[in-house]
Amino acid sequence: MNKSLFVLVCLLSNFGMLFKSLAQNKQPNIIFLMTDDQRWDNMGCYGRPEFYTPNIDKLASEGVVFDNAYYAVAICMPSRVTMMTGRYNSNHRVGFVAPDDYTLSQADFSKSYPAMLKKAGYRTGFIGKVGFTVTQETTRPSTPKKHFYKENMGTTFDFFAGSETRDDKGFVFWPENDTQLQDIYKPGRENSGRTLRTGEAMQRFIDTQPKDKPFCLSVSFYAVKHDANKDMYMPDFEQFKDVDFSVPNNYVEGENEKLPKVVKENARGVYLHRQRTAKQEQYQRLVRRFATQGYSVDDQVGLLIEKLKTKGLLENTIIIYTSDNGRFQGTHGLFDKCLLYDEAVKAPLIIYDGRMDATKQKRRENALISSVDMASTIVSLAGLKPTESMQGKDITGVLNQTQDMSQWRDTVFMEDLFLVDMFKARANPNADAINEKLVSENKSYRARGVRTKKWKYFVYYEHNPKIEELYDVENDPLEQNNLATNPEYKKELKKFRKQTEYLYQKAIK
């Protein structure tokens, strides 16, 4: 090789390295995908291939799958606010029931991850179920009849297509002059379903994305919650209609006598189980429908990834996939969520980073992660500094394997502030007095607790006397043997009582 050619090759090599470095330093696009009520194990990559989710499984095989992710709170409204703001439920106090039934103020929403990325130059979008209300000032109750999304969220989101709970009720979108968005959500449109409409809106957002800006798109699917025919894309039901799904070993047919009395007599999940999953045939019917909706979501995830590839965006895009809470589906003799057993509080979490070297992805991660970490992490991935109000950890070091795991947390904090009787009284002006009466009558099953890799502890702290549950989840993953009254575990009980109170006090500061 002559000298001139050698110099040219060196220059080209240096330019290539410089270009790669610049590309890696470019702000990434971030897509946050959240389903509604999708239990962590209702997909192939978490060990149940009967739930046919090929696109999510492929994303998982090329990204990082978290096997120890947990919700800080396992019911939709407070869970969504926790992930957007990075604050615990007892801190932001946005929930369904008094006394923690506040809306989210514009000042607090301005510290959420979408608002921060918008201020940093990102194009921001939101599609799907909002699930909480933003108001100019914090108000009560948290579920007003009108939500005024454009007035309260219009400065944060450039692109919006969403509603409180269903896309056929109170739906709002902008830009209002986008004729394709108008067609997607045209009333009475045939051969459509809420999940397909959400997918088409995702495609529209990508198609309208300027080339010179990064974007952050938050998508909140209405699925897999609700299971009427109108909630499903019925052609997808065909492949599941005759499937016999496996039944978890802690499924309880009929009543579960092991549940605490206060739960058996008062929790919504108990009577919903009687109505919906207490018989094997009921369980199979519902799980087939959950699987159908999971597949419909999976199909839209696949189409989204293909769109990103076509547009040349995937290599600079981070995709986060999770849900807002789990669901019991008959396990523990319960149907609902909220309560602090793993079927409700364990989260699916998959993160794919198109910029990351394959050697740091294509793996499963065992670190303890909390849903409160989502806001800090998204902000950090965008190259920004989390706000002081964000209480979660930035997990980017865990993602790229630079975190000293000896310094990582060994415990996550969880809480459940929901009472169904208070939900029924949510519009009552005397809600606080009703709440005090329920507590004084020993009908409260509000709980808080901690989860480590080996232990689960929680306490029904408003009950008198307090009721405690302690499980060795390493040896008893289905949480069948409550050790709280076993004198052999006094040391562990004392430790986790103290830890729960410590983390709660940190959460409310």
Side-chain angles (χ1 to χ4, degrees), residues 26-36 55-56 59 80 83-84 109 112-131 149-150 152-164 166-167 171-186 189 192-223 233 296-322 351-354 374 378 381-382:
K26 182 181 176 184
Q27 283 181 298
N29 305 310
I30 301 171
I31 301 176
F32 184 72
L33 303 175
M34 178 195 292
T35 48
D36 192 352
N55 295 298
I56 294 168
L59 186 71
R80 290 159 188 270
M83 285 192 250
M84 271 212 174
F109 188 57
S112 65
Y113 78 77
M116 289 183 66
L117 268 61
K118 165 75 173 174
K119 290 171 196 168
Y122 272 72
R123 179 183 181 233
T124 54
F126 183 93
I127 299 167
K129 174 180 173 177
V130 181
Y149 292 122
K150 188 66 183 286
N152 291 307
M153 295 179 162
T155 58
T156 293
F157 294 114
D158 301 293
F159 181 106
F160 184 95
S163 61
E164 180 66 4
R166 296 176 178 269
D167 79 348
F171 192 82
V172 175
F173 69 83
W174 64 82
E176 291 91 343
N177 60 357
D178 188 323
T179 56
Q180 288 199 35
L181 264 182
Q182 292 173 12
D183 287 342
I184 290 168
Y185 293 102
K186 182 167 60 178
R189 180 185 166 203
S192 181
R194 59 184 186 169
T195 302
L196 275 69
R197 291 190 289 268
T198 298
E200 290 176 14
M202 291 194 296
Q203 301 265 332
R204 182 60 180 161
F205 177 86
I206 301 300
D207 281 337
T208 55
Q209 174 62 28
K211 291 183 179 179
D212 60 345
K213 289 190 82 167
F215 67 80
C216 176
L217 175 61
S218 301
V219 181
S220 180
F221 290 94
Y222 299 95
Y233 183 61
S296 297
V297 169
D298 181 87
D299 196 36
Q300 299 311 312
V301 171
L303 292 171
L304 171 66
I305 292 168
E306 286 304 311
K307 174 67 75 173
L308 293 169
K309 287 179 180 175
T310 301
K311 293 283 187 179
L313 295 168
L314 187 60
E315 289 185 354
N316 191 44
T317 298
I318 298 163
I319 301 172
I320 301 171
Y321 185 96
T322 190
I351 302 181
Y352 169 84
D353 188 340
M374 291 300 98
I378 291 171
L381 287 167

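Values in this document were obtained by computation on a predicted structure and should not be read as measured data.
- At distances below 3.5 Å, not a single donor-acceptor pair connects side-chain atoms of Asp36 with backbone N or O atoms of Lys129.
- Between the side chain of Asn55 and the main chain of Asp298, a donor-acceptor pair closer than 3.5 Å is present.
- With sequence neighbours left out, the side chain to side chain donor-acceptor pair (under 3.5 Å) criterion links Arg194 to Gln293.
- Residues Ala161 and Leu181 come closest through the heavy atom pair CB-CD2, 4.4 Å.
- Between Phe157 and Pro114, the closest side-chain pair of non-hydrogen atoms falls below 4.5 Å.
- Arg204 CZ to Thr179 OG1: the interatomic distance, rounded to the nearest 0.5 Å, is 6.5 Å.
- From Ile206, atom CD1 reaches atom CG of Leu313 across 6.5 Å, with rounding to the nearest 0.5 Å.
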Between Ile184 and Phe173, does a side chain to side chain contact (heavy atoms under 4.5 Å, CB included) hold up when you go through it step by step?
CA-CA 11 Å; Ile184 290 168; Phe173 69 83; over 6 Å; no
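- Nearest heavy atoms, Trp174 versus Gly154: CZ2-CA, 3.7 Å.
- A salt bridge between Glu315 and Lys26 is absent, with no side-chain N of the basic residue lying under 4.0 Å from a carboxylate O of the acidic one.
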Kindly indicate, with the supporting measurements, whether the criterion ring-ring contact (aromatic ring centres under 6.0 Å, His included) is fulfilled by Phe171 and Tyr185.
CA-CA 9 Å; Phe171 192 82; Tyr185 293 102; 4.1 Å; yes
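- In this structure, Glu164 CD and Tyr149 OH are separated by 4.0 Å, a value rounded to the nearest 0.5 Å.
- Checked by atom type and distance alone, the side chain of Gln203 pairs as donor or acceptor with a backbone atom of Leu303 at under 3.5 Å.
- In this structure, the side chain of Thr124 engages the main chain of Thr156 through a donor-acceptor pair within 3.5 Å.
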Does the side chain to side chain contact (heavy atoms under 4.5 Å, CB included) test come out yes or no for Leu33 and Val301, once each step is laid out?
CA-CA 9 Å; Leu33 303 175; Val301 171; 4.1 Å; yes
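- Minimum interatomic distance between Tyr222 and Ser163 (heavy atoms only, all atoms of both residues): OH-OG, 3.0 Å.
- Taking all atoms of both residues into account, the shortest heavy-atom contact from Asn316 to Gln27 is ND2-O, 3.2 Å.
- For residues 115-127, every residue pair satisfying the salt bridge (charged side-chain N to carboxylate O under 4.0 Å, His left out) rule, not counting sequence neighbours, is listed here: Lys118-Asp158.
- The CD1 atom of Ile378 sits 6.5 Å away from atom CD1 of Ile30, with the distance rounded to the nearest 0.5 Å.
- You'll find the side chain of Thr195 stays beyond 4.5 Å of the side chain of Asp299, heavy atoms only.
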Before you tell me yes or no, could you show the steps for Val130 and Phe160 under side chain to side chain contact (heavy atoms under 4.5 Å, CB included), namely the whole-Å CA-CA distance, both residues' side-chain angles and the distance that decides it to 0.1 Å?
CA-CA 10 Å; Val130 181; Phe160 184 95; 3.8 Å; yes
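- Atom CD of Gln300 is separated from atom CD1 of Ile305 by 11.5 Å, given to the nearest 0.5 angstrom.
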Using the side chain to side chain donor-acceptor pair (under 3.5 Å) rule, take Ser218 and Tyr113 through it: C-alpha gap first, then chi angles, then the decisive distance, then the call.
CA-CA 10 Å; Ser218 301; Tyr113 78 77; 2.7 Å; yes
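- Using a 4.5 Å heavy-atom cutoff, the side chains of Ile127 and Met202 are in contact.
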Test side chain to side chain contact (heavy atoms under 4.5 Å, CB included) applied to Tyr352 and Thr317, step by step:
CA-CA 8 Å; Tyr352 169 84; Thr317 298; over 6 Å; no
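- Using modelled atom types, no side-chain atom of Arg80 and backbone atom of Ser220 make a donor-acceptor pair closer than 3.5 Å.
- In this structure, Phe205 has its ring center closer than 6.0 angstrom to the ring center of Phe215.
- To the nearest 0.5 Å, the span separating CG on Leu217 from OH on Tyr122 amounts to 13.0 Å.
- Ionic pairing of Arg197 and Glu200 is not present here: no N-O contact between side-chain nitrogen and carboxylate oxygen is shorter than 4.0 angstrom.
- Taking each heavy atom of Met83 and Phe32 in turn, the nearest pair found is SD-CZ, 3.8 Å.
- Ionic pairing of Lys311 and Asp207 is present here: one or more N-O contacts between side-chain nitrogen and carboxylate oxygen are shorter than 4.0 angstrom.
- The two atoms that bring Pro28 and Pro214 nearest to each other are O-CB, 4.1 Å, heavy atoms only.
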